[in-house]
Visitor: 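Take a look at this one; I'll ask things after.
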Number of protein chains: 2
Amino acid sequence: MDAVASFMDQWSQERPDLDVTPMATIGRLSRMAALIQQRIDGVFAQHDLQSWEFDVLASLRRSGKPYSLTAGELDRTMMITSGTTTHRITRLEARGFVERVRDEDDRRVVHVRLTDDGRRACDAVHGVHLDNERAILALMGDEDRVKLTDGLVALAQALGDVPPAAPRR
Amino acid sequence: MDAVASFMDQWSQERPDLDVTPMATIGRLSRMAALIQQRIDGVFAQHDLQSWEFDVLASLRRSGKPYSLTAGELDRTMMITSGTTTHRITRLEARGFVERVRDEDDRRVVHVRLTDDGRRACDAVHGVHLDNERAILALMGDEDRVKLTDGLVALAQALGDVPPAAPRR
DNA sequence: CTCCTGTATCTTGATATCAAGATATACAAC
DNA sequence: GTTGTATATCTTGATATCAAGATACAGGAG
């Protein structure tokens, strides 16, 4: 009996007129995301990094050389607002992990470029982070893990979660 | 090709030495949770409510008469820290949706009780909220939804997500 | 060229959250 | 009883986030 199952039982007592079956899926989805995030935060904290910092560094890192994205591209990749992106860049710039480079052709655009220090910080923790995620998933059986992944792929499709459009050149 | 699949492709180019398969599950899990949360927030906003406000009201509502939990019980049910609970109670008290009642036997304890207004607010939006969740899930096929739910149940079990212990009397 | 509209980023103000510590109370051991 | 330890809530300070608006620039229409 997990937490969400218990909540659903309570509702069947208190509001038998409501069909709370969506909670079985969506309630657990958000709870599991929160629980896993706590574990992930813990691993990054051991390496003097916040999860949001790794998100930025990893977004730049995986974009390939020259490890540079515009502020707007970061907005869309990380699903955050532009104000938050500004704040994140500023803090990472202060740590020396990224630098701002104004676009020469379009002066509105800011290119955020990973520094060598930033790349090192990202690469140094990436393996540990993935091992942690692997260990979490290893707690489930193979069959269930496949079901979960298949279901999430279908959900991503259903919600139209496409990657942010590449910049037009 | 969803966003996470695209990210994994990028990693296979940039860091072919890393096995990023955990992203297929955990990356999608957190992304889907965030996307769904946005839709849920929108529905509550249309009814002049924040998601966290509904969380509190619903926690109290489903506990049954007299619709009362202690601050600590709310901490554990909602997976938030005690400072956040204090803040939430204060704001909901100002809206007249809950009231604080000091325990007579143990003066440290605060009972948070749903008012009639609070119960009405919760019940009024609950149906719409569930319809919204149902509509989201209806975007996937039945088979995939079952797989997803089964996988999440297994994950909750694996992470030991038990309901918060009932108070000892 | 000038105007207009759209776009990219940043700023501002409000707020939700957490970590750490403060306060008040209960309870057990002596 | 007194003392010490554990518990429940609240306070404080820092910070991450968002919404809305400001600023700066681009690019097309005339």
Side-chain angles (χ1 to χ4, degrees), chain A residues 30 33-35 37-38 40-42 44-46 48-56 68-95 98-113 164-165 167-169, chain B residues 30 33-35 37-38 40-42 44-46 48-56 68-95 98-113 164-165 167-169:
Chain A
S30 69
L35 282 177
Q37 191 59 54
Q38 287 181 352
I40 290 174
D41 290 346
F44 284 129
Q46 286 170 14
D48 191 28
L49 218 55
Q50 311 259 359
S51 285
W52 65 259
E53 293 179 303
F54 180 79
D55 278 351
V56 178
S68 176
L69 293 172
T70 68
E73 286 166 349
L74 284 172
D75 290 352
R76 293 183 283 277
T77 296
M78 298 190 291
M79 299 196 298
I80 56 180
T81 59
S82 65
T84 299
T85 297
T86 298
H87 181 250
R88 289 187 178 188
I89 297 169
T90 302
R91 307 220 98 220
L92 286 171
E93 205 174 25
R95 286 193 73 169
V98 306
E99 48 191 22
R100 282 182 165 92
V101 182
R102 276 280 169 191
D103 188 289
E104 285 304 320
D105 299 331
D106 185 339
R107 306 283 302 157
R108 295 170 303 177
V109 173
V110 168
H111 297 278
V112 182
R113 213 168 64 78
R168 286 163 296 155
R169 286 271 152 238
Chain B
S30 69
L35 282 177
Q37 192 57 55
Q38 286 181 352
I40 289 174
D41 290 347
F44 283 129
Q46 286 170 13
D48 190 29
L49 218 55
Q50 311 260 354
S51 285
W52 66 259
E53 293 179 303
F54 181 78
D55 278 352
V56 178
S68 175
L69 293 173
T70 69
E73 285 166 350
L74 284 172
D75 291 351
R76 293 183 284 276
T77 296
M78 298 190 292
M79 298 195 299
I80 57 181
T81 59
S82 66
T84 301
T85 298
T86 298
H87 181 251
R88 289 187 178 188
I89 296 169
T90 303
R91 308 219 95 222
L92 287 171
E93 205 173 25
R95 287 193 72 169
V98 305
E99 48 191 21
R100 281 180 165 95
V101 182
R102 277 282 169 188
D103 188 289
E104 285 305 318
D105 298 330
D106 186 340
R107 305 282 303 159
R108 294 171 306 178
V109 173
V110 168
H111 297 278
V112 181
R113 213 168 65 77
R168 284 164 297 154
R169 284 274 151 234

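Labels below follow one simple rule: chain letters A, B, ... track the order of the sequence lines, proteins then strands, and each chain is numbered from 1.
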Visitor: To the closest 0.5 Å, what do you measure between CG (A:D55) and CZ (A:R88)?
Guide: 6.0 Å

Visitor: Send over the distance from B:D106 CG to D:dA6 C1', rounded to a whole Å.
Guide: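 In whole Å, D:dA6 C1' and B:D106 CG are 12 Å from each other.
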
Visitor: Show the nearest heavy-atom pair for residues B:R102 and B:R107, with the distance to one decimal.
Guide: NH1-O, 2.7 Å

Visitor: B:D105 CG to D:dT7 C1': how many Å, rounded?
Guide: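 Roughly 16 Å, once rounded to whole Å.
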
Visitor: When rounded to the nearest 0.5 angstrom, what distance separates NE2 in A:H111 from CG in A:L74?
Guide: 11.5 Å

Visitor: In this structure, how many angstroms lie between the P atom of C:dT7 and the CD atom of A:E73, rounded?
Guide: 16 Å

Visitor: Using the rule given for side-chain contact (heavy atoms from CB on, under 4.5 Å), can you reason through B:D48 versus B:E53, listing the C-alpha separation, both sets of side-chain angles and the distance that settles it, and then say yes or no?
Guide: CA-CA 10 Å; B:D48 190 29; B:E53 293 179 303; over 6 Å; no

Visitor: Give me the atom names and distance for the closest heavy-atom approach of B:A33 to A:A33.
Guide: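 Heavy atoms only, the tightest pair is CB-CB, 3.7 Å.
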
Visitor: Hey, could you give me the CD/OG1 distance between A:E73 and A:T85, rounded to the nearest 0.5 Å?
Guide: 11.5 Å

Visitor: Can you check nucleotides 22-24 of chain D for protein contacts, nitrogen or oxygen pairs under 3.5 Å, and list what you find?
Guide:
none

Visitor: Walk along nucleotides 10-21 of chain D from 5' to 3' and tag each nucleotide B, S or - by protein heavy-atom contact under 4.0 Å, base first, then sugar-phosphate.
Guide: BB----SBBS--

Visitor: Can you check the A:D75 CG to C:dT7 P distance for me, whole Å?
Guide: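 In whole Å, C:dT7 P and A:D75 CG are 15 Å from each other.
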
Visitor: Which residue is it: B:T70, B:I89, B:L69? I am looking for the one with a side-chain contact (heavy atoms from CB on, under 4.5 Å) to B:V112.
Guide: B:I89

Visitor: Tell me, with the steps shown, if A:M79 and B:L35 meet side-chain contact (heavy atoms from CB on, under 4.5 Å).
Guide: CA-CA 9 Å; A:M79 299 196 298; B:L35 282 177; 3.9 Å; yes

Visitor: Looking for any heavy atom pair under 4.0 Å, which part of the strands does A:D41 touch: base, sugar-phosphate only, or nothing?
Guide: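 No contact.
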
